[in-house]
Chemist: 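Before I ask anything, here is the structure I am working with.
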Amino acid sequence: MDEQVVADKKTSEGEEKEEKKNEEENGEAAVDPELFSCLLQPSSPDADGEYVGVRRLLLYRKAQAGVCRRNDWRCSGKGYVAYRNFIKRPKNWETSYLPSLPSTPGQSGRWAPSPLSLSLFLDMESLRSSRDRQSDNQTMGRTSFSSSLGDNDRPRRKAEPAYSFVGMHCIFDQCKVAVTVLKFGHMSSELLAYGASDGSLTVCTISQPPSVIQNLKGHSKEVTDFDFSSNNQYIASSSTDKTVRVWEIKKGICVRVIYGVAAQLCIRFHPVNNNFLSVGNANKELTVFNFSTGRIINKIMLDGQVTSMDRDHTGQLIFCGDALGSIYTVSMDSRSGNLSRSHRNRSRNLTKSAVTSVQYRSFSLLARGPVLLTCTQDGSLSFFSVALEIQGYLTLRCSLKLSPRIHRIRASFCPLLSLEKGEYIVSGSEDGNVYFYDLTRPKHTCVNKLQGHGSTVIDVSWNHGENLLASSDSDGTVIIWKRAKTNTS
């Protein structure tokens, strides 16, 4: 029996020595987590014992996790240098070495896949010096930047598969004047409406076959903005003829007319209480109307003409853009309709330009929270993070400077991608193309473009299913683009 115990003991000792030898051969010296935690968190006579214990426990787990991760990486056939480079990789490591492929009218939004693999990237990274990696980390660590681009710039990197399009779903061209604004119905993928500079408002369906449902005529001048009610039963529209009109879509009639003293430039239903209508006008007023009676509930004055507007998902905050390029956050009581100014974000540009569009989104992969996109007539696109806990305080995260515009061109967020953490937006342009930009890239921000319009593209809008994109131009043409089916969308 004693001989058997001695033999087992020798066998275990031999196995331990062999394991230790293998670890040393693989360049992974044995790390004692307890020793590691004690060395990094020594105990001094005046130190708090409980604090030291908690810190050592955390460091103990960190040492174990590091060993496990390196072992897993070594098992996959890669060395520790490749593992270290992978940990220190820049944010755009997947596209750092992708070839530049321009788009063509026949290949609108479709690029050939790159032959570059992950292993090739890691091998290339292993040959780079630590100084190069340090400079890359410093460059890619920026979270706010400004870039300058022209609308005619070609895409200079591989387009994201989720923003590829297979062609046109349908076209509406019965309008003979500029289509100034268009939107899909609330939580709808088929209901679409667009307003024109002659005062007409058209409601249509894009299901097969696409058709016009109603032609709403009543405004005598340009339709500047409109909004669907939460149940898509009504449309509220604003116009430069100084009126706000509420339409019942099913009957195609105007059920309410509210007269003002100045051009009405933007309008929104309250997302929770549809009895409230918020309207911004050229008299620097933001007004809340009662939908049922048409009476004014509350009104506040801003510093410039209220040119654009959007709400947060709760209806407690209104984000307004004015003719001087400033963005306002206005708090609203959802019960009483009372308004109060919370914050103002002034334009940094010396030449003040009107804000043409403001769009709120409740979540962004980049900001990890609610965000706001603004577009001004001088071609500036700004991306803000929204602090709801501080009454909608805005923090500029990144911006993009395009060429100045003659028309009031609008921009919109793109659908979120599951694998890409960029911030993509889509915008019209003076050259008749629809452009897709990534605001997080200081260079080569244009990732795709759609060609099909013959004049200036003024507005763009996604449907609820995010598989269709509508765009309108100054000739009165509305094109519905169909996205390609991909695994990442």
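No experiment lies behind these values; they were computed from the predicted model shown.
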Chemist: Tell me every residue that passes side-chain contact (heavy atoms from CB on, under 4.5 Å) with Ile300, counting only those two or more places apart in sequence or in another chain.
Modeler: Leu286, Leu302, Val330, Leu339, Arg341
Chemist: Sub-3.5 Å donor-acceptor pair from the side chain of Asn345 to the main-chain atoms of Ile327, do we have one?
Modeler: no
Chemist: Looking at residues at least two apart in the chain, or sitting in another chain, which of them share a ring-ring contact (aromatic ring centres under 6.0 Å, His included) with Phe172?
Modeler: none
Chemist: Regarding Asp225 and Arg268, does a basic nitrogen lie under 4.0 Å from an acidic carboxylate oxygen?
Modeler: yes
Chemist: Please step through side chain to side chain contact (heavy atoms under 4.5 Å, CB included) for the pair Trp462 and Ser412, ending with a clear verdict.
Modeler: CA-CA 8 Å; Trp462 293 93; Ser412 173; 3.8 Å; yes
Chemist: Where do Val478 and Leu192 land on the side chain to side chain contact (heavy atoms under 4.5 Å, CB included) test, with the steps shown first?
Modeler: CA-CA 10 Å; Val478 175; Leu192 175 71; 4.3 Å; yes
Chemist: Output, in order, the C-alpha distance, side-chain angles, deciding distance and verdict of side chain to side chain contact (heavy atoms under 4.5 Å, CB included) for Leu450 and Phe436.
Modeler: CA-CA 9 Å; Leu450 302 177; Phe436 295 79; 3.8 Å; yes
Chemist: For residues 464-480, pull every pair meeting salt bridge (Lys or Arg N to Asp or Glu O under 4.0 Å), keeping only residues two or more places apart or in separate chains.
Modeler: none
Chemist: Tell me, do Lys221 and Ser239 make a side-chain contact under 4.5 Å, heavy atoms counted?
Modeler: yes
Chemist: Could you tell me whether Met187 atom CE has more than 12 heavy atoms of other residues or ligands within 6.0 Å of it?
Modeler: no
Chemist: Should the pair Arg397 and Phe383 be classed as cation-pi, given the thresholds of under 6.0 Å to the six-membered ring centre and 45° from the axis?
Modeler: no
Chemist: For His270, enumerate each residue passing the ring-ring contact (aromatic ring centres under 6.0 Å, His included) test, keeping only those at least two apart in sequence or located in another chain.
Modeler: none
Chemist: Using modelled atom types only, decide if a donor and an acceptor are shared between the side chain of Asp227 and the backbone of Phe269 within a distance under 3.5 Å.
Modeler: yes
Chemist: Who are the ring-ring contact (aromatic ring centres under 6.0 Å, His included) partners of Tyr393, not counting sequence neighbours?
Modeler: His343
Chemist: Under the 3.5 angstrom rule, does the side chain of Thr356 hit a backbone N or O of Cys375 as a donor-acceptor pair?
Modeler: yes
Chemist: Any salt bridge linking Asp378 with Arg405? Criterion: basic side-chain nitrogen under 4.0 Å from a carboxylate oxygen.
Modeler: no
Chemist: Run the ring-ring contact (aromatic ring centres under 6.0 Å, His included) test against Phe319 and tell me which residues pass, sequence neighbours left out.
Modeler: Tyr360
Chemist: Tell me whether Ser472 contacts the main-chain N or O of Val179 through its side chain, where contact means a donor paired with an acceptor under 3.5 Å.
Modeler: yes
Chemist: Do side-chain atoms of Asn463 reach the backbone of Leu468 as a donor and acceptor pair under 3.5 angstrom?
Modeler: yes
Chemist: Sub-3.5 Å donor-acceptor pair from the side chain of His169 to the main-chain atoms of Ile206, do we have one?
Modeler: yes
